[in-house]
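Data block below; observations after.
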Amino acid sequence: MLNTMKRFIALVDCNNFYVSCERLFSPSYIDKPVVVLSNNDGCVISRSNEAKLLGIPMGAPYFKFQALCKRHKIIAHSSNFELYGDISRRVMATLEAFVPSIEIYSIDEAFIDLTGIADPLAFCVMLRGKVMLWTGIPVSIGLSYTKTLAKAAGEVAKKSENGVFGLLHEEDINLTLQALNINKVWGIGNQWGMKLELKFGIRTAYDLKLASATFIRKHFSVVIERIIYELKGLSCLELEEIETKKSISSTRTFGRSVSELSELREAIASYTANAARKLRRQNSKAYGIYIYIRTDRFRDTTQHNKGKLIELTYPTSDTGALISAAIKGLEAIYKRGFQYKKAGVVLLDIVRENYLQRDITEEYNVERGLRSAALMEAVDELNKKFGKRLVQHAAEGVKKEWKVKADLLSPRYTTRWDELINVY
DNA sequence: GTGTCTAAG
DNA sequence: TATTCTTAGACAC
């Protein structure tokens, strides 16, 4: 059955991506244990192989491992997403130069369609070399017939000598799936993994492949049913090449707790501006904006978690319009006397920019829409040229004392003139 | 329709 | 003192 399948899918995965980015500009980090931390330097989100060997788990709360880090001289960095985003663009551009059909799955991963290529495995080896040469980022590539199998191949590739692994023959596939724990299968996490194992004795990817799809469908969902077919080599998940997000959110945990409405207003305005920028980047407008505030979920006994959805009468991507809606929502749910620790906004009901609804074709709104579009374009352009925060709405505030902490930040080498690397 | 659960990276 | 952030889909109600 497998030999009749002509469709090849590969997964390209950057190795320890954030750490690899830091190493690009600090060659002394090579062969040393390095970790990169999340916002507020809260937990570990990327580890070099050396750091993994020293026993730092993924997602580890930094404060629990600080002593270990000190003892072993582990280098720790705050996350520098501006740098990582730029390096990511370069890696993806390299892939796009060689492959016509690509789905950028995350900041450090892409699926590519290699159907029609005579020797796809050799192609992957070549591609890996090009990415290394052009960007300096090491990648692993897993090759097979479906996304789920390519993911499984990628797991093996990560640990292999040359960083490329093909899952192309039935026997290889079965052996690999037998060695893959059920909760390591793409799309199956700890909850479902536990249920599958404890209730049905399904311990490995191979066990799942052999399970009855209809039975699993009954006890779980279509999601896992699809995974079964994918493990059998029947592709159910297509490459999604065009990116138009259905919701866009911007949320943050504060550097300290915040109880003043005025400070929350600034934070909400900033997050809204951030989300609106992403919205415009994909040429879309939003019909709704959801905002929420919450107290510290780890400490409080009297918690206050509240959110509010504001529906807009017409879709917009105008920062000012979105901010005033968001502030209105905030004022409706704010209660004084609470120590807020986190706030966020989510843009919803997103439509493409050229989508016009009947009632906004009135002259007034069209003219207004055009003016706002021109203004937003100018703002985005200026900020792109001179730094993110040159032009911003007054509501966003200037001091931003609530801002996240990032004490161990590396320079944004590739996107800021004043933070270029110095060579003496 | 909305909220909750689950997952991924 | 310190426990991320963003997106998506399914399902129960």
Side-chain angles (χ1 to χ4, degrees), chain A residues 11-19 35-47 57-67 69 76 78-81 84-85 88 103-111 140 147-148 151 154-155 158 182-196 216-227 236-237 240 243-257 271 274-275 278-279 282 288 290 292 294 296-300 305-309 311 339 341-350 404-408:
Chain A
L11 173 77
V12 182
D13 194 344
C14 300
N15 297 344
N16 317 331
F17 184 54
Y18 301 160
V19 166
V35 298
V36 171
L37 308 172
S38 65
N39 267 343
N40 289 318
D41 299 336
C43 47
V44 175
I45 53 174
S46 181
R47 307 158 296 155
M58 185 59 168
Y62 185 50
F63 73 93
K64 282 190 183 167
F65 288 84
Q66 228 162 6
C69 288
S78 304
S79 38
N80 186 343
F81 284 108
Y84 311 151
S88 172
E103 172 188 340
I104 297 171
Y105 178 70
S106 72
I107 193 165
D108 70 334
E109 270 179 73
F111 287 102
S140 312
K147 283 180 158 183
T148 307
K151 268 277 189 186
E155 286 291 313
K158 229 180 269 179
I182 186 67
N183 60 332
K184 288 280 172 3
V185 176
W186 186 46
I188 297 189
N190 280 331
Q191 302 298 315
W192 288 349
M194 224 138 72
K195 190 173 166 195
L196 280 164
I216 291 292
R217 165 88 204 236
K218 230 177 248 135
H219 289 83
F220 292 86
S221 64
V222 249
V223 180
I224 304 189
E225 186 188 21
R226 269 192 221 122
I227 293 173
C236 304
L237 305 168
E240 288 163 42
E243 192 189 39
T244 35
K245 301 206 161 105
K246 289 155 193 156
S247 72
I248 290 172
S249 60
S250 177
T251 109
R252 245 15 50 115
T253 309
F254 303 132
R256 59 163 168 81
S257 57
Y271 304 162
N274 190 18
K278 294 187 205 167
L279 185 67
Q282 66 165 46
Y290 180 81
Y292 69 85
R294 60 184 40 161
D296 193 336
R297 71 194 164 107
F298 290 103
R299 306 184 65 229
D300 291 351
N305 299 336
K306 218 160 166 42
K308 184 160 184 61
L309 175 68
E311 314 245 25
Q339 306 268 303
K341 196 70 210 252
K342 183 176 180 174
V345 318
V346 187
L347 301 178
L348 304 155
D349 300 316
I350 290 176
V404 297
K405 277 185 303 195
D407 296 333
L408 314 165

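These values consider heavy atoms only, across backbone and side chains, with no hydrogens, waters or symmetry-generated copies. Naming convention: chains lettered A, B, ... in sequence-line order (proteins, then strands); numbering from 1 in each chain.
When each of A:Ser247 and A:Gly42 is assigned the nucleotide of DNA chain C bearing its nearest heavy atom, the one mapping closer to the 5' terminus is A:Gly42. Summary of the strand contacts: A:Gln66 and A:Lys246 both lie near DNA chain C, and taking for each the nucleotide with the nearest heavy atom, the more 5' one is attributed to A:Gln66.
Straight-line distance from the CD1 atom of A:Ile350 to the C1' atom of C:dA8: 12 Å, rounded to whole Å. For the pair A:Tyr271 OH and C:dT6 C1', the computed distance is 14 Å after rounding to whole Å. A:Gln282 places its CD atom 14 Å from the C1' atom of C:dA8, with the value rounded to the nearest Å. Rounded to whole Å, the distance from NZ on A:Lys278 to C1' on C:dT7 is 10 Å. The separation between A:Asp108 atom CG and C:dT7 atom C1' is 15 Å, rounded to whole Å. The CZ-P distance, from A:Phe81 to C:dC5, rounds to 9 Å in whole Å. For the pair A:Ile45 CD1 and C:dA2 P, the interatomic distance rounds to 20 Å; values are reported in whole Å. Rounded to an integer number of Å, the gap from A:Lys245 NZ to C:dG9 P is 12 Å.
A:Val185 comes within contact range of the sugar-phosphate backbone alone, with a heavy-atom separation under 4.0 Å but no base atom that close. Backbone-only engagement by A:Tyr105 is indicated by non-hydrogen atom pairs under 4.0 Å involving sugar-phosphate atoms exclusively. Across all strands shown, A:Ile188 has heavy atoms under 4.0 Å from sugar-phosphate atoms exclusively, and none from any base.
Here the nucleotide nearest the side chain of A:Arg252, chosen from C:dT6, C:dA2, C:dA8, is C:dT6. Taking only side-chain atoms of A:Thr253, from C-beta outward, the nucleotide of C:dA10, C:dC5, C:dT6 with the closest atom is C:dC5. For A:Thr251, counting side-chain heavy atoms from C-beta on, the closest listed nucleotide (C:dT7, C:dC5, C:dT3) is C:dC5. The A:Phe63 side chain lies nearest to C:dA2 when the options are C:dA10, C:dT4, C:dA2.
In this structure, A:Lys147 is positioned above the aromatic face of A:Phe111, its NZ or CZ under 6.0 Å from the six-membered ring centre and within 45° of the axis.
For A:Arg47, the side-chain contact (heavy atoms from CB on, under 4.5 Å) partners at least two apart in sequence or on another chain are A:Val35, A:Val44, A:Ala51, A:Lys52, A:Ile56, A:Met58. With sequence neighbours excluded, the residues satisfying side chain to side chain donor-acceptor pair (under 3.5 Å) with A:Ser250 are A:Asn274. Residues forming a side-chain contact (heavy atoms from CB on, under 4.5 Å) with A:Ala110 (at least two apart in sequence, or on another chain): A:Met92, A:Leu95, A:Ile102. Under the side-chain contact (heavy atoms from CB on, under 4.5 Å) criterion, A:Lys195 pairs with A:Lys199, A:Phe220, not counting sequence neighbours. Annotation: side chain to side chain donor-acceptor pair (under 3.5 Å) contacts of A:Asn15 (sequence neighbours excluded): A:Ser140. Not counting sequence neighbours, A:Ser247 has no partner by the side chain to side chain donor-acceptor pair (under 3.5 Å) test. By the side-chain contact (heavy atoms from CB on, under 4.5 Å) test, A:Ser46 pairs with A:Asn16, A:Tyr18, A:Val19, A:Val36, sequence neighbours left out.
Remark: A:Lys151 engages A:Glu109 in a salt bridge, criterion side-chain N to carboxylate O under 4.0 Å.
Scanning DNA chain B 5' to 3' for nucleotides with an atom closer than 4.0 angstrom to a non-hydrogen atom of chain A gives a first and last hit of B:dT6 to B:dG9.
In this pair, A:Phe81 and A:Tyr84 present their aromatic rings perpendicular. The plane angle is above 60°, beyond the 30 to 60° band.
Side-chain N/O atoms of A:Arg256 include none lying less than 4.0 angstrom from OP1 or OP2 on C:dA2.
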Please list, pair by pair, any protein nitrogen or oxygen found under 3.5 Å from a nitrogen or oxygen in nucleotides 11-13 of chain C.
none

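Comparing C:dT3 with B:dA8, their P atoms are spaced 24 Å from each other, to the whole Å.
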